[in-house]
Amino acid sequence: MKKSIDDFALENITVTMDDDGITTVTLNRPTKRNALNAETIEELIEVFSNLPRMGARAIVLRAEGDHFCAGLDLVEHHVEDRRPEEFMHVCLRWHEAFNKMEYGGVPIIAALKGAVVGGGLELASSAHIRVADQSTYFALPEGQRGLFTGGGATIRVADLVGKSRMIDMMLTGRIYAKDEAIDVGLAQYLVEDSEAKAYEIARAAAENPPLSNFAICSAISHMQNMSALDAAYAEAVVAGVVNTQPASRARLAAFADKTAARVKPKS
Ligand code: 1HE
C-alpha cells in the first residue's frame, strides 16, 4: 500500500509536503548539532526510499538549529565501542541512505548553515544542489578525530573538490567557507538566506517534467560510474525515453510557435 507522510515513524527527522509536491526534510536533532546516530541513518533510508513514490517533485533538505550537521555521532560511536565489522555495517547503512538520495530521481536541494562537517558533508554531497549562507563552513575533521570517512566522501567529496583538496582537508582539518567554498565546488550558491534560495530552486526544478528530473537526478550519477562507451550508450537509451515523452510535446510546440521563453541572460 502506498505510504503517506503520516505513516513515517520518525524521531530525528521531520517531513512535510505541500500540494505541489515540494517536500521538506528537516534534520531535527539540534541539541546534538544534528549529529548522525544509527537511528537517524535508518530514518533517512526510510524517508528517501519512499518519497520518490509519494509524489515528491523536489525536496529541500534543511536542519533545525544553527548547524546543518556535525557528522557521525561521536558519542554513540564511543559508547558502542564497535568492532571493525560492526562499523563496516554502519557504513553500509550510510551508503544505503545516501545512495537513495543521489540515485532517487527526485531533485534534492540542501539548505546549508553552520557546520557541514565530516559525515554532515557526506550527507550534503549526496544532495543534487548545495546552497550555503554566510555562516556555512565545510570541513573533514576525520584526521583529527583519528577516524576515516565512511559515508561516501571518498567518492562524493572527492568528486566535488578533487582528490588533492580532499586529502588536504582530511589531513589538516582545513575549513572552507564563503567564496572559497564556492570556488572549490563545495556549494553552488552562496546567499544570505539558504532556505529561501533552496525553495526557489526546488520550485523551479519541480516545473520540469518528472521524467526529465528522474533522468537528471539519477542517470548522470549512474553514468559517472560507467565506462565512457557504456555511458554514451546509456545516455542514448535514457534520451530516447525522455526526449520523446508526451510531457515534452507542448514545450516543443511552444518553442516552434515562438511562445516559449528563449534562453537568454536577464538584461
Ligand atoms: C555531538 C556531535 C557529534 C556535537 N557527535 N554529539 N564530527 C565532528 O568532529 C564535529 C563535532 N562537533 C563539533 O565540532 C561542534 O559540536 C560543532 C562545531 C558542530 C558545534 O559546536 P557547539 O559549540 O555549538 O556545540 P557543542 O557544545 O560542541 O555540542 C553541543 C552538543 O552536541 C553536545 O552534546 P551535550 O549532550 O553535551 O549537550 C555535543 O556532544 C553534541 N554534539 N557534535 C555527537 N558529531 C561515517 S564516518 C563519518 C566520520 C565523521 O563524521 S568525523 C566528524 C565528526
Side-chain angles (χ1 to χ4, degrees), residues 11-14 26-48 61-103 110-127 130 132-161 163 165-178 180-181 186-187 194-195:
E11 291 291 326
N12 308 289
I13 295 175
T14 59
T26 300
L27 304 173
N28 196 14
R29 217 181 159 223
T31 57
K32 300 295 179 186
R33 308 307 184 251
N34 298 311
L36 298 170
N37 58 0
E39 191 180 56
T40 305
I41 294 294
E42 293 306 317
E43 293 180 12
L44 287 170
I45 295 170
E46 167 79 356
V47 164
F48 286 105
L61 176 62
R62 63 175 294 280
E64 281 301 318
D66 294 337
H67 298 280
F68 177 73
C69 178
L72 174 70
D73 188 319
L74 297 169
V75 176
E76 178 184 76
H77 186 57
H78 177 61
V79 170
E80 294 275 316
D81 196 16
R82 292 160 170 139
R83 296 192 307 272
E85 68 274 23
E86 288 172 334
F87 196 68
M88 288 176 195
H89 284 294
V90 169
C91 293
L92 293 189
R93 299 307 281 165
W94 283 53
H95 295 161
E96 180 76 7
F98 297 169
N99 288 340
K100 287 282 180 267
M101 294 170 61
E102 181 179 353
Y103 296 90
L112 305 175
K113 58 184 161 182
V116 184
V117 302
L121 178 51
E122 295 181 303
L123 171 64
S125 65
S126 308
R130 280 155 295 285
D133 71 7
Q134 298 294 331
S135 73
T136 307
Y137 61 95
F138 302 89
L140 293 173
E142 276 82 349
Q144 281 85 44
R145 303 280 185 226
L147 302 173
F148 188 70
T149 57
T154 51
I155 301 123
R156 294 190 183 93
V157 178
D159 222 29
L160 293 179
V161 302
K163 184 174 70 175
R165 280 200 192 95
M166 181 182 171
I167 291 173
D168 177 28
M169 288 173 81
M170 288 188 70
L171 285 178
T172 66
R174 179 171 181 167
I175 292 173
Y176 284 101
K178 301 186 180 169
E180 198 182 19
L186 286 162
S194 57
E195 285 187 21

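Counting starts at 1 for both ligands and their atoms, in listed order.
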Report yes if L72 has an N/O atom closer than 3.5 Å to an N/O atom of ligand 1; otherwise report no.
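Yes - when backbone and side-chain N and O of L72 are compared with those of ligand 1, one distance drops under 3.5 Å.
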
Considering distance alone, does some N or O of G119 sit under 3.5 Å from an N or O of ligand 1?
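The answer is yes, given that G119 and ligand 1 share an N or O pair closer than 3.5 Å.
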
Would you say the side-chain atoms of T26 and N28 include a donor-acceptor pair closer than 3.5 Å?
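Side-chain D/A pair, T26 to N28: absent.
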
Close-contact set for ligand 1 against [X] heavy atoms, below 4.0 Å:
X    : result
A35  : 2 (C), 3 (C), 5 (N), 44 (C), 45 (N)
G71  : 51 (O)
E122 : 46 (C), 48 (C)
G151 : 46 (C)
G150 : 46 (C), 47 (S)
R145 : 8 (C), 9 (O), 10 (C), 11 (C), 14 (O)
W94  : 46 (C)
Y137 : 18 (C)

[atom] - nearest protein heavy atom and its distance:
atom                    : value
atom 6 (N) of ligand 1  : V75 CG2, 4.0 Å
atom 36 (O) of ligand 1 : K32 NZ, 2.3 Å
atom 22 (P) of ligand 1 : R33 NE, 3.6 Å
atom 50 (C) of ligand 1 : E142 OE2, 3.4 Å
atom 44 (C) of ligand 1 : D73 OD1, 3.3 Å

Considering only heavy atoms from C-beta outward, does the side chain of [X] approach that of [Y] to under 4.5 Å?
X    : Y    : result
H77  : V90  : no
Y137 : V117 : yes
M166 : R156 : no
H89  : R82  : no

Heavy atoms of the protein only: does one fall short of 4.0 Å from [atom]?
atom                    : value
atom 8 (C) of ligand 1  : yes
atom 15 (C) of ligand 1 : no
atom 24 (O) of ligand 1 : yes
atom 39 (C) of ligand 1 : no

Kindly compute the distance separating [atom1] ([X]) from [atom2] ([Y]), expressed to the nearest 0.5 Å.
X    : Y    : atom1 : atom2 : answer
L44  : M101 : CG    : CE    : 7.0 Å
N37  : L74  : CG    : CG    : 11.5 Å
Q144 : L171 : CD    : CG    : 9.0 Å

Please determine if E43 and R29 form a salt bridge, counting it only when a charged side-chain N lies under 4.0 Å from a carboxylate O.
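No, no charged N to carboxylate O under 4.0 Å.
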
Looking at R62 and E64, does any basic side-chain N land under 4.0 Å from a carboxylate oxygen?
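Looking at E64 together with R62, the answer is yes, because their closest N to O distance falls below 4.0 Å.
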
Would you check if the side chain of H95 reaches a backbone N or O of G150 as a donor-acceptor pair within less than 3.5 Å?
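Such a contact is found between H95 side chain and G150 backbone.
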
Judged by atom type as modelled, is there a donor-acceptor pair below 3.5 Å linking the side chain of E76 to the main-chain atoms of A38?
yes

Any idea which part of [X] is under 4.0 Å from ligand 1, heavy-atom wise: side chain, backbone, both or neither?
X    : result
A70  : both
T31  : backbone
Q144 : neither

Please compare L74, L140, L123, L121 and report which has the shortest non-hydrogen distance to atom 5 (N) of ligand 1.
L74

Between ligand 1 and [X], can you find any atom pair, the residue atom being a heavy atom, that is separated by under 4.0 Å?
X    : result
E76  : no
F68  : no
P141 : yes

Heavy-atom closest pair (F68 atom, A111 atom, distance to 0.1 Å) is CD1-O, 3.7 Å

Closest heavy-atom pair, C69 versus N34, reported as atoms and distance to 0.1 Å, is SG-O, 3.1 Å

Does NZ in K113 sit with more than 12 non-hydrogen atoms of other residues, nucleotides or ligands closer than 6.0 Å?
yes

